[in-house]
Amino acid sequence: MEKSNNESENIKDKGRYRALTFIKGPTLAKEKDLEISKDEIPTWPYLVRKEFLAAIICTIILIVWSILLDAPLEELSDPTMTPNPAKAPWYFLGLQEMLVYFDPWIAGVVFPVLIIIGLMAIPFVDFNPKGNGYYTFKERKFAMLTFCFGFHILWILLIIVGVFMRGPGWLWFWPWQEWDLHRIVAETNYDLTNFIGINSKSFLGFVLGGAVVIGYFFMGMTLPYRFMKARKSIALEKLGMIRYAMVSFLFLSMMALPIKVCLRLVFHVKYIWVTPWFNI
C-alpha cells in the first residue's frame with residue numbers, strides 16, 4: 001500500500017512544471033503596432049499590385065514603341081574610316097565629357113572610384129535613427145539635395161552635353177547649329193599658374209598648384225566645421241570627426257567638377273595642378 005502511494009507521488013512530481021523566473025516589462029508580441037496609423041494599408045497586396053500593373057504597362061509601351069519606330073542606327077561599321085565624332089554609348093558619355101576637363105587618370109579612374117566609395121559609405125555616415133524606408137525630403141534633406149545635384153544636374157547634364165552639343169572634333173555646337181565637319185576653332189588653354197607668369201611644369205608651379213588644390217579641400221572642410229561647431233550643430237555631434245571628414249571630402253570632390261567646368265569654359269583653364277604623375 002505504501003509502495004503504491006510513493007509511485008503515485010513520483011508520477012505527480014514528474015508531471016509538474018515550474019517557472020524559473022519572471023521577466024518584467026511589455027510583451028514583444030503585439031496585436032497591432034501603436035505607431036501605425038489607421039489610414040495606412042499593407043504593402044501586400046495593394047502596393048505590389050499597382051507596381052506590377054505599372055511594370056506591365058511600361059513593358060507594353062516599350063514593345064509597341066520598338067515595333068513602330070526603328071532604332072536610330074548608323075551605317076555599317078567601316079574599319080578603314082573612323083567616325084567623327086567618335087562617341088561612347090550614351091551612358092558613358094559623362095565620363096567621356098569629363099576627359100575634356102580632367103586628366104584621363106582622374107576622370108576615368110579616380111572619380112568613378114569616389115562615386116562607388118560614396119555609395120558604399122552611405123550606411124556608415126547615415127545617423128538617422130529611423131533606418132531604412134524613410135528616404136523622404138523631410139527626413140534626409142542634405143542627402144536628397146546632394147544626390148539630386150550630383151546625379152540629375154551633373155551626371156545627366158554631362159550626358160546631354162555629350163549627346164547634343166559635342167560635334168565633329170568634339171567641338172561645342174549648340175542644338176540649333178548644324179554640325180560642320182570642316183569647322184576649326186583656335187582655342188588656347190592655359191594652366192592656372194600661367195596667368196601669373198609661372199611655368200606650371202616648374203617646381204614653383206608644382207608647389208603653387210598643389211597649394212591651391214590642398215587649400216581648397218582644407219578650407220572647404222575647416223570653415224564649415226568651425227561654423228557648425230560654433231552653432232553647436234546637432235548634425236555635427238552625431239556625425240563625429242571621421243564621418244564629417246568623409247562626407248565633406250566626397251562633397252568637395254563632387255563640387256570640384258562644376259568648378260573645373262566653369263574654369264575651362266569661361267577662363268580657358270586647362271589644369272590647376274600639374275605633376276609628373278597626374279594633372280588636376
Side-chain angles (χ1 to χ4, degrees), residues 58-119 149-192 194-195 199-201 209 253-280:
C58 290
T59 304
I60 294 174
I61 293 174
L62 291 176
I63 292 175
V64 175
W65 193 358
S66 62
I67 293 175
L68 298 179
L69 299 178
D70 294 331
L73 300 178
E74 298 180 357
E75 61 275 2
L76 295 177
S77 60
D78 187 357
T80 62
M81 181 179 297
T82 301
N84 186 14
K87 293 186 178 182
W90 67 268
Y91 42 85
F92 282 141
L93 277 179
L95 291 176
Q96 190 172 0
E97 179 64 19
M98 283 196 298
L99 292 174
V100 179
Y101 314 104
F102 291 94
D103 189 78
W105 188 78
I106 300 293
V109 178
V110 175
F111 273 164
V113 170
L114 289 178
I115 293 173
I116 296 173
I117 293 176
L119 294 175
F149 178 79
F151 181 75
H152 296 288
I153 296 180
L154 292 184
W155 187 251
I156 301 299
L157 184 60
L158 289 176
I159 293 176
I160 293 174
V161 169
V163 173
F164 299 104
M165 300 182 183
R166 290 297 182 180
W170 208 255
L171 298 177
W172 185 284
F173 289 86
W174 292 104
W176 56 83
Q177 291 179 333
E178 186 179 357
W179 287 7
D180 185 4
L181 295 175
H182 305 287
R183 178 185 175 188
I184 299 176
V185 177
E187 181 179 332
T188 304
N189 298 311
Y190 305 92
D191 296 330
L192 183 64
N194 295 141
F195 286 94
N199 188 3
S200 59
K201 296 182 180 180
S253 299
M254 182 185 68
M255 293 304 298
L257 178 58
I259 293 174
K260 188 62 183 299
V261 171
C262 293
L263 289 176
R264 179 62 179 273
L265 297 178
V266 178
F267 301 101
H268 299 284
V269 175
K270 185 176 182 181
Y271 294 127
I272 298 175
W273 188 14
V274 179
T275 71
W277 309 280
F278 58 86
N279 301 321
I280 298 177

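Note that these values count all heavy atoms, side chains included, but never hydrogens, waters or copies made by symmetry. Predicted model only: the values in this text are computed from it and were never measured.
- Within the model, atoms OG1 of T188 and NE2 of H268 stand 8.5 Å from one another, a figure rounded to the nearest 0.5 Å.
- The main-chain N or O of L181 is never found under 3.5 Å from a side-chain atom of N84 such that the two would form a donor-acceptor pair.
- Atoms CZ and CZ, on R264 and F102 in that order, are 10.5 Å from each other to the nearest 0.5 Å.
- Checking each of L158, I156, V163 against I160 for a side chain to side chain contact (heavy atoms under 4.5 Å, CB included) leaves exactly one that passes, namely I156.
- Distance CG/L114 to CG/L257: 11.5 Å, rounded to 0.5 Å.
- For residues 269-278, no residue pair satisfies the salt bridge (charged side-chain N to carboxylate O under 4.0 Å, His left out) rule, not counting sequence neighbours.
- Checked against side-chain contact (heavy atoms from CB on, under 4.5 Å), H152 has the following partners two or more places apart in sequence or in another chain: F147, C148.
- Annotation: the span from K201 atom NZ to N194 atom CG amounts to 10.0 Å, rounded to 0.5 Å.
- The OG atom of S253 sits 10.5 Å away from atom CD1 of I115, with the distance rounded to the nearest 0.5 Å.
- Here the side chains of F173 and P168 are in contact, with some heavy-atom distance below 4.5 Å.
- Among residues two or more places apart in sequence or in another chain, the ring pair (Phe, Tyr, Trp, His ring centres under 6.0 Å) test is passed with F195 by Y190.
- Taken to the nearest 0.5 Å, the CZ atom of F149 stands 9.5 Å off from the CG atom of L157.
- For L68, the side-chain contact (heavy atoms from CB on, under 4.5 Å) criterion is met by V64, not counting sequence neighbours.
- The closest side-chain heavy-atom distance from L95 to W155 is below 4.5 Å.
- Here the shortest heavy-atom pairing between L99 and A107 reads CD2-CB, 3.8 Å.
- Minimum heavy-atom separation, D103 to Y271: N-CE2, 3.8 Å.
- Sequence neighbours left out, the pairs with a member in residues 156-178 that pass salt bridge (charged side-chain N to carboxylate O under 4.0 Å, His left out) are E97-R166.
- For W170 and W172, the gap between ring centers reaches or exceeds 6.0 Å.
- Around the CH2 atom of W179, the shell of radius 6.0 Å holds more than 12 heavy atoms that belong to other residues, nucleotides or ligands.
- Annotation: side chain of L93 is in contact with side chain of K87 (closest heavy-atom distance under 4.5 Å).
- V269 approaches K260 most closely through the heavy-atom pair O-CE, 4.0 Å.
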If you look only at distance, which donor and acceptor atoms sit under 3.5 Å apart when one is on a side chain in residues 272-280 and the other is two or more places apart or in another chain?
unit_1 : atom_1 : unit_2 : atom_2 : d
W273   : NE1    : F206   : O      : 3.0
T275   : OG1    : W277   : N      : 3.3
T275   : OG1    : F278   : N      : 2.8
T275   : OG1    : F278   : O      : 2.3
N279   : OD1    : T275   : N      : 3.3

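- Here the rule is side chain to side chain contact (heavy atoms under 4.5 Å, CB included) with P258, and of L154, L263, I153 only L154 fits it.
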